[in-house]
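Structure, as C-alpha cells:
Chain letters run A, B, ... following the sequence lines, proteins first and then strands; every chain starts at 1.
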Protein chains: 2
Amino acid sequence: MRIEWPDPEGQEIVERLFAVAVALRVHFEETAADVGLTVPQAHTLIHLQEPQRMGEVAAYLRCEPSHVTAIADSLERCGLLRREPDPEDRRAKRLLLTSSGQQLRDRLVARLFESAPIISVLDADQRIELLSLLRTAQSAAGSDIRH
Amino acid sequence: MRIEWPDPEGQEIVERLFAVAVALRVHFEETAADVGLTVPQAHTLIHLQEPQRMGEVAAYLRCEPSHVTAIADSLERCGLLRREPDPEDRRAKRLLLTSSGQQLRDRLVARLFESAPIISVLDADQRIELLSLLRTAQSAAGSDIRH
DNA sequence: AGAAAACAGTTCATTCACTGAAGTAATCTC
DNA sequence: GAGATTACTTCAGTGAATGAACTGTTTTCT
C-alpha cells in the first residue's frame with residue numbers, strides 16, 4: 001500500500017493485514033467459482049449448515065431481505081436448497097439444503113480450508129501463537145463473514 | 001462461519017482471519033464513504049502517491065482497463081486527478097493527483113490507519129509478535145490491495 | 001523502410017450484485 | 001378485534017465491472 005506514517009510498525013501490521021484480507025478474498029472467489037457458485041451464493045450455502053430463516057441469512061450477509069429472495073431463487077433453481085415454512089412463524093420461511101446442496105457445501109468448505117493461504121506456511125508453534133493473538137485481538141469486536 | 005473440520009485449531013485460525021478480512025473491508029468502506037469516495041475511487045487515490053499509468057492502475061485494482069477509464073473520469077470530474085500523456089509512450093496516459101487530490105488522499109490514509117480495527121487492542125509486545133508472524137507467513141506469497 | 005502485430009486507452013452495450021419502495025400475508029399489541 | 005409491526009416478495013433502478021469494437025501509437029519482422 002506504500003503509506004507514510006508516524007508509527008512504521010503499526011503501519012506495516014495494517015498493510016499486512018490488508019494483504020491477508022485480499023488473499024482470503026481472492027481465495028474465496030476462486031474456490032466459489034471452482035464449484036460453480038457466485039460469491040453470495042457460496043456465502044449463503046456455507047451459512048446453511050442448519051436451516052435458517054431468510055431474515056437471518058440477510059443479517060448474516062449484511063444485505064437487504066429482498067436480495068436474499070433473489071439468491072434463494074437462484075439456489076433453489078439449481079436444486080441446492082428448498083424453502084420450507086417456519087413452523088414457529090407462518091410469515092417466515094426457512095432455507096434448507098437439499099442433499100446435493102449439502103454435498104456441494106461440503107466440497108466447498110473442504111476446498112476453502114484445505115488450501116487457505118497464509119497459515120499453510122506456519123509451523124505448529126507459530127499457529128498456536130497466531131491463534132492466541134487473534135483471539136485476544138477479537139475478544140472485543142464481533143464480526144461476520146461478508147463478500 | 002461454523003465449519004466442521006478435522007483440525008479444529010487450523011479451522012479457528014482461518015475463521016478468525018476471515019473475520020479480520022471482513023472487519024478491514026468494512027473499515028475501508030466506511031472510511032472511503034466518510035471522505036465522500038466509493039471503494040474503487042479510494043483504492044485508486046491511495047495508489048496514486050506517485051503518478052501511474054492507467055494500465056498499471058488496472059493491474060493494481062485487478063480490473064479491466066476500461067473500468068479504470070470510468071474511475072479516472074469520475075475522479076477527474078471531482079478535480080482530484082489529472083490525466084497527462086506519458087512522456088515515454090504517447091499511447092499511454094498517466095494519472096496524477098491534483099493538490100486537492102493529494103490532500104484528500106492524505107486524509108483518507110490517516111483515517112484508514114489511525115483507527116484500524118484489531119491492532120488497537122494489542123499491546124506493544126503483541127504487535128511485534130503479530131508482525132513477525134505475518135512477515136513469516138507472507139514471505140512466500142505476494143499480494144496487493146483489492147476491494 | 002514498410003506492413004503486420006501488439007498495445008494503451010476509450011466507448012458502448014451488457015451483466016450482476018444490491019438497494020429501496022410498494023405489496024401481501026401473518027403476528028403482535030393494546 | 002383494530003392497528004401497527006414483521007417476513008418475505010416483486011419490481012424498478014443504481015453502480016461496479018466485463019468484453020467487444022474502435023482509434024491512435026509503438027514494436028516487430030522481413
Side-chain angles (χ1 to χ4, degrees), chain A residues 22 25-26 28-30 32-33 36-48 51-78 80-96 144-147, chain B residues 22 25-26 28-30 32-33 36-48 51-78 80-96 144-147:
Chain A
V22 171
R25 183 179 164 70
V26 169
F28 191 97
E29 284 170 359
E30 287 173 352
L37 295 173
T38 67
V39 168
Q41 284 174 337
H43 276 295
T44 302
L45 215 67
I46 285 173
H47 192 56
L48 290 180
Q52 301 285 340
R53 290 167 54 147
M54 298 184 67
E56 197 285 327
V57 174
Y60 171 77
L61 295 176
R62 292 193 181 83
C63 70
E64 298 299 314
S66 62
H67 190 215
V68 175
T69 300
I71 297 170
D73 285 349
S74 71
L75 290 172
E76 197 167 28
R77 248 181 276 120
C78 301
L80 296 170
L81 61 77
R82 301 198 325 266
R83 285 165 162 93
E84 87 180 355
D86 185 323
E88 322 228 308
D89 185 340
R90 283 185 350 218
R91 291 170 300 183
K93 293 171 190 166
R94 297 198 313 179
L95 303 182
L96 58 92
D144 251 20
I145 297 294
R146 162 90 159 135
H147 343 186
Chain B
V22 172
R25 184 180 162 71
V26 169
F28 192 96
E29 284 170 358
E30 288 173 352
L37 295 173
T38 67
V39 169
Q41 284 174 338
H43 275 297
T44 303
L45 217 64
I46 285 173
H47 191 54
L48 290 180
Q52 300 285 339
R53 289 167 55 149
M54 298 183 69
E56 197 285 327
V57 173
Y60 172 77
L61 295 175
R62 291 193 182 83
C63 72
E64 298 298 315
S66 62
H67 190 216
V68 175
T69 298
I71 297 171
D73 284 351
S74 70
L75 291 172
E76 198 168 26
R77 248 181 276 120
C78 300
L80 296 170
L81 61 76
R82 301 199 325 266
R83 285 165 162 95
E84 86 181 354
D86 185 322
E88 322 227 309
D89 185 340
R90 281 184 354 217
R91 291 171 300 185
K93 293 170 190 167
R94 297 198 313 181
L95 303 182
L96 57 93
D144 253 20
I145 298 297
R146 163 91 161 138
H147 347 184

Rounded to the Å, how far apart are [X] [atom1] and [N] [atom2]?
| X | N | atom1 | atom2 | answer |
| --- | --- | --- | --- | --- |
| His67(B) | dA8(C) | NE2 | P | 19 Å |
| Glu88(B) | dG9(C) | CD | P | 13 Å |
| Arg90(B) | dC7(C) | CZ | C1' | 15 Å |
| Met54(B) | dA17(D) | CE | P | 14 Å |
| Ile71(B) | dG9(C) | CD1 | P | 13 Å |
| Leu75(B) | dA16(D) | CG | P | 11 Å |
| Arg62(B) | dG19(D) | CZ | P | 16 Å |
| Lys93(A) | dT6(D) | NZ | P | 19 Å |

*Any donor-acceptor pair under 3.5 Å joining the side chain of Arg91(A) to the base of dT6(D)?*
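Indeed, a donor on one side and an acceptor on the other fall under 3.5 Å apart.
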*Between CZ of Arg82(A) and CD of Glu76(A), what distance do you get to the nearest 0.5 Å?*
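Rounded to the nearest 0.5 Å, the CZ-CD separation comes out at 9.0 Å.
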*To the nearest 0.5 Å, how far apart are CZ in Arg94(B) and CD in Gln52(B)?*
9.0 Å
*Quick one: is dA7(D) close enough that its OP1 or OP2 comes under 4.0 Å of any side-chain N or O from Arg94(A)?*
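Answer is no, no contact under 4.0 Å.
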*Does OP1 or OP2 of dC11(D) have a side-chain N or O of Ser66(A) closer than 4.0 Å?*
no
_Would Leu61(A) and His67(A) count as a side-chain contact (heavy atoms from CB on, under 4.5 Å) here? Give the steps._
CA-CA 10 Å; Leu61(A) 295 176; His67(A) 190 215; 5.8 Å; no
*Which sits closer to the 5' end of DNA chain C, Glu64(A) or Asp89(A), going by the nucleotide each is nearest to?*
Glu64(A)
*Candidate list Leu37(A), Val57(A), Leu80(A), Thr38(A), test side-chain contact (heavy atoms from CB on, under 4.5 Å), partner Thr44(A), passing option*: Val57(A)
